[in-house]
Colleague: 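Below are the structure tokens for one structure; questions will follow.
Positions are given from 1, in the same order as the sequence printed here.
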Amino acid sequence: MTTDLTELTLPNGELIMNADRLKEYGINKFTQELNNGNQPLAAVKAQSVADVQAVMKFANSHQLPVTARAAATSIVNSSAGLDGGLVLDLSAMNRILKISIPDQIAIVEPGVMNGDLDQAVRKSGYFFAPDPGSKPISSIGGNIATNAGGMSSLKYGTTKQSVYGLKVVLADGTLVKLGGPTFKNNTGYDLTDLFVGSEGTLGIIVEATVRLMPLPFGNPVTGLATFENMKQLSIGVQKLSGSGLYPSMMEALNDTSIEALDRLEGTNLAGDGASALLIFQLDSAAAGSVSASKKLLQAAGALQISVTDDADYAQKIIKIRQDYYQAEAAYGRLVVEDVAVPLSKLPDLAAFVEKLKFTTKVKAFLGGHAGDGNFHPNIAIPKDSQGLPTDVQAAIDQIFEYVISLGGTISSEHGIGQLKNKWVVPQLGEATAELQKKIKAALDPNNILNPGRKL
């Protein structure tokens, strides 16, 4: 049966039915595993909460699937419009509604870019803590929908630790307010956290009250250390973590990642036979932190150590980590995975990934947030690959199985989307997965909110 879209009345928004534009809405260009994309029925570029409510009421009455998106930076195909469905484009809802320094909060619409809010509040001596690698190009709504992490998650947590309240449009168009501007709130169940990380499957986030943090006092200490292997690096991570220095960042890279960076940057990080690299930062460093961190890393068997409180040199060190994906992408089309294990299991995961064998000409890398056990096993596949080569998919499946066996998770900051939902039951178990389905059914009985994703 054909849906009559003339019945959809938008207070402010734009109804998009142009085939070329809809093709763009049917794909996430950052999702490398999928190439073909979907063909949505229509898209709506929302300008207001009323537009979102109108779309949801219409979609619910016609039982049409709805996918929300703003910056569309999902790498698990979570925000690509579905065949025959509607896409809610929230990118124009991009206003910073309020910055309250006395309350240490900001109120924003979902299309506000993470980096834009961060830059705006830094003028007042504050910052927005969530810092995914996509910070300059990802929206706060998308960060909340996936509970995005990043390099500073070690000290400041993932996105959910920075979300105090939400306004959400439910599947039937009802607008609800969750949480609020207070640091503590124990009235009722914690529905705010329920929606953080829900990937648009429970409701559409139209406003967020987020926490702002004061910029740390003093000069940060930034360091780089190389190790013979990932096991030695893990010892260094454990020593820094337990030292009382409170690092805000600890990033690890394996030998192939070091090779890629040396090739891109013209450095010689592997010159002493290093096969593991640690980059760390103390954003609020006490007196003596430079010498203390050097001693700890020497005790852990570091080969090279460079620790500084010089801001210019520190930026050069940070740039090495920021160029990580660019360096790897030089080898092919980069498939990015996202797993986490208990800290003590990092060497085991590294050894497992490095032993994987491939028949296709690919390059495998391992790097990520060593301080919180979150690693990204990335694989550069031939750029002309149609979908994933069979051996690469088999390797990813093996990684997920192994991670689960270690008590880890197959997704720590990128979301589940369409690519990983078959792994939800193996990780959570049947009973917990069924409970989550019941929660979904209670909020979205017609299953129109991003169906086939997350669960």
Side-chain angles (χ1 to χ4, degrees), residues 115 118-119 121-122 125-133 135 149-158 161-162 212-228 230 232-254 257-258 261-262 265 267-272 274 276-324 343 346 367-375:
D118 188 48
Q119 289 177 21
V121 300
R122 281 178 183 268
Y126 281 72
F127 72 107
F128 183 55
D131 69 332
K135 188 178 184 78
M151 290 191 288
S152 68
S153 297
L154 171 64
K155 184 172 182 179
Y156 297 106
T158 54
Q161 278 78 35
S162 292
L212 305 178
M213 302 285 291
L215 289 169
F217 182 78
N219 293 327
V221 167
T222 307
L224 178 153
T226 60
F227 294 85
E228 185 178 344
M230 292 297 289
Q232 290 300 122
L233 180 144
S234 295
I235 294 172
V237 168
Q238 291 165 10
K239 286 186 176 295
L240 282 177
S241 295
S243 65
L245 291 173
Y246 299 106
S248 56
M249 177 184 75
M250 282 196 285
E251 300 291 298
L253 302 171
N254 77 336
S257 300
I258 295 172
L261 283 166
D262 278 343
E265 307 282 356
T267 50
N268 190 30
L269 298 169
D272 56 2
L277 170 67
L278 177 67
I279 297 173
F280 67 94
Q281 188 169 71
L282 318 174
D283 64 357
S284 181
S289 295
V290 172
S291 59
S293 56
K294 283 183 177 179
K295 288 179 181 178
L296 288 167
L297 293 169
Q298 287 169 349
L303 301 174
Q304 292 184 58
I305 303 173
S306 178
V307 185
T308 181
D309 57 6
D310 177 80
D312 292 336
Y313 186 57
Q315 187 53 46
K316 292 179 182 178
I317 293 176
I318 296 298
K319 187 178 184 298
I320 292 173
R321 173 58 179 90
Q322 291 172 334
D323 290 348
Y324 167 50
L343 289 179
L346 283 176
H369 318 307
D372 54 19
N374 176 196
F375 266 176

Colleague: Side chains of Leu297 and Leu278: does their closest heavy-atom pair fall under 4.5 Å?
Modeller: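 Yes; the side chains approach each other to less than 4.5 Å.
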Colleague: Looking only at non-hydrogen atoms, find the nearest pair between Val221 and Ala285 and report the distance.
Modeller: CG2-CB, 3.5 Å
Colleague: Is there a side-chain contact between Ser162 and Tyr156, using heavy atoms and a 4.5 Å cut-off?
Modeller: no
Colleague: For the residue pair Leu233 and Ala276, what are the closest heavy atoms and their distance?
Modeller: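 Taking every non-hydrogen atom into account, CD1-CB, 3.8 Å.
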Colleague: Pair up each side-chain donor or acceptor in residues 241-248 with any protein partner under 3.5 Å, not counting sequence neighbours, and list the distances.
Modeller:
| residue | atom | partner | partner atom | Å |
| --- | --- | --- | --- | --- |
| Ser241 | OG | Val237 | O | 2.8 |
| Ser243 | OG | Leu240 | O | 2.7 |
| Ser243 | OG | Leu245 | N | 3.1 |
| Ser248 | OG | Gln281 | O | 3.2 |
| Ser248 | OG | Asp283 | N | 3.4 |

Colleague: If you compare all heavy atoms of Pro214 against all heavy atoms of Phe127, which two are closest, and at what distance to 0.1 Å?
Modeller: O-CE2, 3.4 Å
Colleague: If you define the side chain from C-beta out and look only at heavy atoms, does anything of Ser234 sit under 4.5 Å from Phe227?
Modeller: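 The answer is no, as the side chains (C-beta and beyond) never meet within the 4.5 Å cut-off.
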Colleague: Under the salt bridge (charged side-chain N to carboxylate O under 4.0 Å, His left out) test, which residues partner Glu228, sequence neighbours left out?
Modeller: none
Colleague: With the side chain counted from C-beta on, respond yes when Leu346 and Met230 share a heavy-atom pair under 4.5 Å apart, and no when they do not.
Modeller: no
Colleague: For residues Ile279 and Met151, determine if any side-chain heavy atom of one lies less than 4.5 Å from a side-chain heavy atom of the other.
Modeller: no
Colleague: Could you check whether any side-chain heavy atom of Glu251 comes within less than 4.5 Å of a side-chain heavy atom of His369, counting everything from C-beta outward?
Modeller: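 Yes, side chains in contact.
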Colleague: Sort and list the pairs that fulfil side chain to side chain donor-acceptor pair (under 3.5 Å) and have at least one residue in residues 308-318, not counting sequence neighbours.
Modeller: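 Every side chain to side chain donor-acceptor pair (under 3.5 Å) pair that includes a residue of residues 308-318, provided the two are not neighbours, is Ser306-Tyr313.
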Colleague: When rounded to the nearest 0.5 angstrom, what distance separates OG1 in Thr226 from CG in Leu277?
Modeller: 7.0 Å
Colleague: I need the Leu261 CG to Arg321 CZ distance, nearest 0.5 Å.
Modeller: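 Rounded to the nearest 0.5 Å, the CG-CZ separation comes out at 9.0 Å.
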Colleague: Give, for atom CG of Leu296 and atom OG of Ser291, the distance between the pair rounded to the nearest 0.5 Å.
Modeller: 9.5 Å
Colleague: Can you tell me if Ser152 uses its side chain to pair, donor with acceptor, with the backbone of Ala129 under 3.5 Å?
Modeller: yes
Colleague: Roughly how far, to the nearest 0.5 Å, is the CG atom of Leu212 from the CZ atom of Phe128?
Modeller: 8.0 Å
Colleague: For Ala300, is there any backbone N or O sitting under 3.5 Å from a side-chain donor or acceptor partner on Gln232?
Modeller: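 Between the backbone of Ala300 and the side chain of Gln232 there is a qualifying donor-acceptor contact (under 3.5 Å).
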Colleague: Can you check whether Pro130's main-chain N or O pairs, donor with acceptor, with Lys135's side chain at less than 3.5 Å?
Modeller: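 Side chain of Lys135 to backbone of Pro130, a donor-acceptor pair under 3.5 Å: yes, one is there.
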Colleague: Looking at CD1 of Ile258 and OH of Tyr324, how far apart are the two atoms once the value is rounded to the nearest 0.5 Å?
Modeller: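 Ile258 CD1 to Tyr324 OH: 11.0 Å, rounded to 0.5 Å.
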Colleague: Would you say the side chain of Ile305 lies within less than 4.5 Å of the side chain of Gln298, judging by non-hydrogen atoms?
Modeller: yes
Colleague: How long is the straight-line distance from CG of Leu269 back to CD1 of Ile320, given to the nearest 0.5 Å?
Modeller: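 Interatomic distance, Ile320 CD1 to Leu269 CG, rounded to 0.5 Å: 5.0 Å.
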